[in-house]
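Keep in mind it's a predicted model, so treat the numbers as computed, not measured.
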Amino acid sequence: MAINVIVGYDGSPIAAAAIDAGAALFPQAHVWITHLWTPPFASESLRRRLWTGTAGLNSFIEAIEREGEAEARRLTDRGVRLARTAGWNAEPLVRRAYGGEGLVFAQLAQELDADLVLLGSRGLGGAHAILGSVSDMVVHYSPRPVLIVPDPLLTAEQAALANGPVLIGWDGSPGAEAAFTASARLFPGRNLIVASVDGAEIASPADSPPPAEGLTVERVDLASGYGAPGRSVAEALGAYGHSRGAAVLVVGSRGRSAVREILTGSVAMATLHRAHRPVMVVPQPRERPV
């Protein structure tokens, strides 16, 4: 099944690694290699070359606009070549944005009717797990599933991308049901493992029925010594994903707003920051007014 994927690309090795991982996970996808062209609209070295002093300020601004856009398109074309080399049907998408990149990616997901937004991420914890990053904001706002690929991946984690199972966090909630449905659609033919973390106070009762006939819910012990409940659940899911050689961890997002998710330290965000494997966060479908 061909799916449509928006891939964030900024020319970094992390973005290139995300392309490689995405191509292994979704080999038949159609992708938009997407670069958001944001102020000051050109690299520092290019701005230094164009600067001729305050007397030519208007000409400098015009040159920044012209050369900055050309630079953005050249960068995006390099990403397209990487994606095509990896086997993807890829096309470039350059969008001018004035900050708020996370929100722009979310808007593009709606505008292009994408099945998935894919981004690379450097930090998995500690000082790198800073709320407010582009990946965090895309997860908060996107109406479509978002897959975050951490860098670096170990050899075993890389190998799992091609045919490893997909581990889905399960608590019987609408968010978990959405996560299972999205996983079945985006990973056809993959083994889906549904896992519930026993003893998690923020989860639904441990006896929640499985999401589909013939599946069993595998029980995972709650990690101890990690403080907040969301973090403990995330550590437990991450450890279980490691033991099962999972290609991707999938969690549903419960929150109705970015502020609520940030303040509560949800399982979705904790898993995003703590896991050492790609994490897909699936938004809970919005209720339609009656």
For Ser135, give me all partners under side-chain hydrogen bond (donor to acceptor under 3.5 Å, both in side chains), at least two apart in sequence or on another chain.
Ser133
Please identify each residue that fulfils side-chain hydrogen bond (donor to acceptor under 3.5 Å, both in side chains) with Arg78, with sequence neighbours left out.
none
Check side chain to side chain contact (heavy atoms under 4.5 Å, CB included) between [X] and all other residues, then give those that pass, not counting sequence neighbours.
X      : answer
Asn89  : His30
Leu103 : Gln107, Tyr141
Glu177 : Trp170
Ala212 : Phe180, Leu215

Taking atom CD1 of Ile33 and atom OG1 of Thr76, what is their separation to the nearest 0.5 Å?
9.0 Å
Measure the CG-CG distance between Leu118 and Leu147 for me, rounded to the nearest 0.5 Å.
4.5 Å
Could you pull out all residues at least two apart from [X] that satisfy salt bridge (Lys or Arg N to Asp or Glu O under 4.0 Å)?
X      : value
Arg244 : Glu218
Asp20  : none
Arg74  : none

Testing the basics here: between Pro27 and Trp88, what is the closest heavy-atom pair and its distance to 0.1 Å?
O-CD1, 4.0 Å
Does anything in residues 101-112 pair up under salt bridge (charged side-chain N to carboxylate O under 4.0 Å, His left out), and if so which pairs, sequence neighbours excluded?
Arg95-Glu111
Please, which pairs that meet salt bridge (charged side-chain N to carboxylate O under 4.0 Å, His left out) have at least one residue in residues 137-150, sequence neighbours excluded?
Asp113-Arg144
Ring pair (Phe, Tyr, Trp, His ring centres under 6.0 Å) involving Phe105 - partner list, sequence neighbours excluded:
none
